[in-house]
Amino acid sequence: MAEQYDIIVIGAGHAGCEAALASARMGAQTLLITMNIFNIAQMSCNPAIGGLAKGHLVKELDALGGQMGIVADDTGIQFRVLNKSKGRAVWSLRSQNDRIEYSHRMRNIIEQQPRLDIRQHHVKGLLIENDRAVGIVTEVDTQFLARAVILTAGTFLDGLIHVGLVHFSGGRAGEMASIGPSRQLKELGFHVGRLKTGTPPRLDGRTIDFSQMEEQPGDPEPVPFSHHHETCDQEQMPCYLTRTSEQTHDLLRSGLDRSPLYTGIIQGIGPRYCPSIEDKIVRFADKTGHQIFLEPEGKSSNEYYVNGFATSLPEDVQIKAIRSIPGLERAKLTRLGYAIEYDFFPPSQLFPTLETKRIQNLYFAGQINGTSGYEEAAAQGFMAAVNAVLKMRGENPFILSRSEAYIGVLIDDLVTKELEEPYRMFTSRAEHRLLLRQDNCDIRLMKYGRQLGLIPEEMYQDLIRRQQAIAETKEMLKRLKPNLDDVNPILMKIGASPIESSESIDRLLKRPEVQLTDFAGIYEQEIFQPHCSRFGIKVREQVEIDIKYEGFFVRQNEQILKMKQLEEMKIDPDFNYQEITAISTEGREKLQRFRPLTLGQASRIMGVTPSDISILMIMLGRDKRLRL
Amino acid sequence: METDTITAIATPAGKGAISVIRVSGDRAFTTVEDFFDGKKAVQDMKPNSTAVGLFKPDKSQSAFIDQVILTKYVKPRSYTGEDLIEISCHGSVYIVQEILNLLLSGGIRLAEAGEFTKRAFLNGKMDLTQAESVADIINAQTQKSLEYAQAQANGSLYSDLAAIREILKKHLIMLEIELDFSDEDVEKQDRSQIMEGLNRLEEEMNRLVSTFHFGKLIREGMHLVLTGKPNVGKSSILNRFLNEDRAIVSEIPGTTRDTIEESLTIDGYLFKISDTAGLRSSQDRLEISGVERTKKQIQMADFILFVIDGHKKLTVEDYESLSAVRQLSRHKKALLINKADLKSADIDPDFKTSFDRCVAVSARTGMGFEALRKLLVEEIENDQVQHSAVINRVRHLDVLKRTQQYIDHARESLTRGFSAEFIAFDIRAALNTVGELIGEVSSNDILNEIFSAFCIGK
Ligand SMILES: Nc1nc2c(ncn2[C@@H]2O[C@H](COP(=O)(O)OP(=O)(O)OP(=O)(O)O)[C@@H](O)[C@H]2O)c(=O)[nH]1
Ligand SMILES: [Mg+2]
């Protein structure tokens, strides 16, 4: 008799772990299948979490009740807020993490999670009945049944690893590829594409001369990702910065005739934001040097990750080129850099719930959807699991809008745009960037985490009280009008021009150079009074941002409102577009393929024109009235 | 449903004596009220009633664009099912454009292709079976405006806008690199450089905006000169235009000695018309100085009305006058064959070919004056635009003005020392606005350019 689960998650990478945990925590009997139980939540590429725009994803996920932020905090060996010289909207936290520790921690959490079983297996195929996923079958022909299956196979689907002209099947260096599911899905009619990514060599830390490099320490007062954590006080490790030279480039160039990339062996499309070093020297031949970061793999290992040096050149070239870099003259490689090609499923085949359009109750998350990055994967894993459980319960799907979260932007982009290369999050992808900040992830999203039962009530109540304090403080600042004699010396001290007639603190704060703390001397009582001391900085921070940039937020909100009507108009996924000849041919073709769930989504599909949307609106209006 | 208020020209493209501009939506009545100076306020008008008044840029001033008739329809009893108002005005390009510009400045927007029909349908004003045909209307209108846009694609405005888009894009790219790739070794763009760029852009936009206001001809009136040999009826024609005995008329050649200048409006357009001393060589000192003045007038004229006596054969004086005029002015000329009430003599066809237009008139009976007025209005609108293109002109101007606003915001952010994402916010908005006319620039396009131009990524 086959074992029965609610949800089966295939793959225990960053997407799979989040999916399994969210599913079990929401009350579903969950099975997590992994090919290798020792490699849970591996950081296959650099040993770091977060970074520009990705830090946002981690914090959002955390506010929803995800796991990544907590583990990243616990296993962090360096924390830095990037873009600190710019506005709050683009501050992004990045941590260096102990690779081994990270994996251990995550495994530990999964093992302790009630309702979650973990099994080591190779999945041979999915069990499909009447276009519905009902379970899986393993390499030893064991069957597991489930009401939904979430596939998070990463780069393992038909993975092909390249080092020089040599290539072999594999999912990650030293691990097997997964062949079965990919073949089966192709047979079921799924479109499959081929992507490529690469990774740099790792070095033995004992053979690196750090004295020749620039040290890059963490922030003096590191802040954590997770809303569960107040501080992170573990000891931090530095990274090191060096540069390639012309000599390095010559050495690399000498190996191009044995490059799988330049000899045309690699067919998959690589990410342009993450080029290999050989790609950089070919495409930007006039640059005389490229930055190289040496990142520690952890406290328990002496390996270093050579960030900026992803390569698939042959081993001898890798070694020679590495040794031409200052500080790496005697470096020994512990692991080679390589490129990997893998199958992915163009995500136009998914609904925004990440359920496939072709097979019901089958969800895809992570790199198999053509994304890159742990954070993007984790966010998708979480969202897929939440939606799988909600569907099982017969509840409404959980879809975040583009104006609410980067996670919303991520998934909306995936299901409405043609993917041209592995998808990575950038802040510029978020048209409502000013509102989607790290500092307000909890305000934006924690309510959902609570609804899903993934955020402790106490934590949520804390947020409510904090929001109240923010609102009250803002009101109060409108009323506080300091005497000219009190306020002008302060303004002059901070280099701001003095005022001639009395103005409220609220108005004074609108000046970029003025901060709330500047008035501590006058309003000790009011601003720093006991009732908000518990939240202290967090309240003041929000108050200040809200007041300072109010004009921008108002305009940003106007833009959101304009789109709202379209976002709210639902489209039946089975709507027949072919009949509506007034819609442009290209528009019809795209709509039929993407099958959007709202007019808003439809409007973002390339090739669908505003007049197509108008016409669609009319046809939807007609259908609605016909049904009445 | 949709609550924003829209406007468009309701009368079919092409010329009509009357144009109807429709405004529909929650703010239709209040917006029109802002510019309407009539006996009744818009909100006091009864449903389906009309009111006459002046349409003014500023109600506290006496200047007005046109006398208009409003018809008010109250929701849901209107074509669109929303509050709707129709403004009937004179059918001149100038008036329609000015009224639309004012309405847009009042915060309502131009309707998209087929939008009135769409609203009518969505608000249940049409039969369900009409859905297909509404869809077809939208499709057809979109096609038409696309064709128009394509026709414009080679035009100078289009390339000006494309140039503006490129500059905005360039700045946005630099700002986005700072934001999304601050950990790479790319240079931060000097703020004063962005400021300079935006300032130059602002100048360029101002120049473009100014080209949208009708030129001197419209503001100061088109200068017409009545000329020709003596006694052909120039003064009589002036009097007929003005409907009064302004100039002395007599059967004696050389009656008019001094120039007489008068203004008149036709279809809302202003004209200045000069009657002059007939051209001929003379010994009379008074007449000689009169002829000198005539020559000056001809030099200053925007359009020349050359009069001959159609009842008589052409004489040497007609030919001499014409050659004098041709030496003095390169402007367009119309041949007025006067005294058409009498039996007409044959006119040398070669003589006629010297003129751009030709009309037979009679100052005595008024015959042919309708055609003459029409001809004049056509002339004034000639270099401007076709009626059907007004809406596009208004749209262009609207886009330019909104783009300018965003650039202003961005400049303010720069002045105030705000960080890159705030500047980028308005530059992107400006880019999107220009994109409404000449195609959107997506965030993917920006990233594409970044990746191809900069060595980014680890
Ligand atoms: N039958 C007829 N007679 C006309 C018409 N227009 C003008 N006349 C007569 O032609 C004569 C000359 O008219 P004017 O208007 O003084 O001519 P003009 O070109 O201003 O002459 P000068 O000022 O002398 O250059 C007058 O006797 C008019 O009554 C017309 O349309 N029909
Ligand atoms: Mg006269």
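Chain identifiers are assigned alphabetically (A, B, ...) following the order of the sequence lines, protein sequences preceding nucleic acid strands; residue numbering begins at 1 within each chain. All figures in this text were calculated on a predicted structure; none of them were measured in a lab.
- Around CZ of A/R507, the count of heavy atoms belonging to other residues, nucleotides or ligands within 6.0 Å does not exceed 12.
- In this structure, the portion of A/R88 lying under 4.5 Å from any heavy atom of chain B is its backbone and not its side chain.
- Under the 4.0 Å criterion applied to side-chain N and carboxylate O atoms, A/R555 and B/D426 are assigned as salt-bridge partners.
- When all heavy atoms of A/F552 and B/S413 are compared, the closest pair comes out as CZ-OG, 3.3 Å.
- In this structure, the portions of A/I618 lying under 4.5 Å from any heavy atom of chain B include both its backbone and its side chain.
- Put simply, CG on A/L82 and OG on B/S182 are 6.0 Å apart, with the number rounded to the nearest 0.5 Å.
- When side chains are defined from C-beta on, A/E421 counts as touching B/F451, because their heavy atoms get closer than 4.5 Å.
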(request) Any chance you could lay out the ring pair (Phe, Tyr, Trp, His ring centres under 6.0 Å) test for B/F181 and A/F426, step after step, and finish with the verdict? (result) CA-CA 9 Å; B/F181 304 96; A/F426 294 104; 5.2 Å; yes
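- Counted within 6.0 Å of CZ on B/R191, heavy atoms from surrounding residues, nucleotides or ligands total more than 12; the atom is thus considered enclosed.
- In this structure, chain A has no heavy atom under 4.5 Å from any part of B/N432.
- Interface remark: of the candidates A/S611, A/G87, A/S428, A/S428 forms the most heavy-atom pairs closer than 4.5 Å to chain B.
- Residue contact with chain B, scored on non-hydrogen atoms closer than 4.5 Å, involves the backbone and the side chain of A/K86 alike.
- Taking both residues in full, the closest heavy atoms of A/V90 and B/L179 are given as CG2-CD2, 3.7 Å, listed atom of the first, atom of the second, then distance.
- At a 4.5 Å heavy-atom cutoff, the contact between B/R416 and chain A is made by backbone and side-chain atoms alike.
- For chain A, no part of B/S442 is nearby; none of its heavy atoms comes within less than 4.5 Å.
- Between chain B and the residues A/E420, A/Q556, A/K548, the largest count of heavy-atom pairs under 4.5 Å involves A/Q556.
- Side-chain contact check for A/R429 versus B/D180: every heavy-atom pair is 4.5 Å or farther apart.
- The aromatic rings of B/F418 and A/Y549 sit perpendicular to each other, their planes meeting at more than 60°, with 30° as the lower class boundary.
- Residue contact with chain A, scored on non-hydrogen atoms closer than 4.5 Å, is absent for B/I446.
- For A/K510, the NZ atom sits in a packed shell: over 12 heavy atoms of surrounding residues, nucleotides or ligands are nearer than 6.0 Å.
- Contact of the B/L447 side chain with the A/R272 side chain is not registered, since no non-hydrogen atoms from C-beta on lie closer than 4.5 Å.
- Contact check for B/F425 versus A/R433: no side-chain heavy atoms found under the 4.5 Å cut-off.
- Contacts with chain A were tallied for B/R428, B/E112, B/E178, B/E440; B/E178 has the most, counting heavy-atom pairs under 4.5 Å.
- You'll find the side chain of B/E421 stays beyond 4.5 Å of the side chain of A/T427, heavy atoms only.
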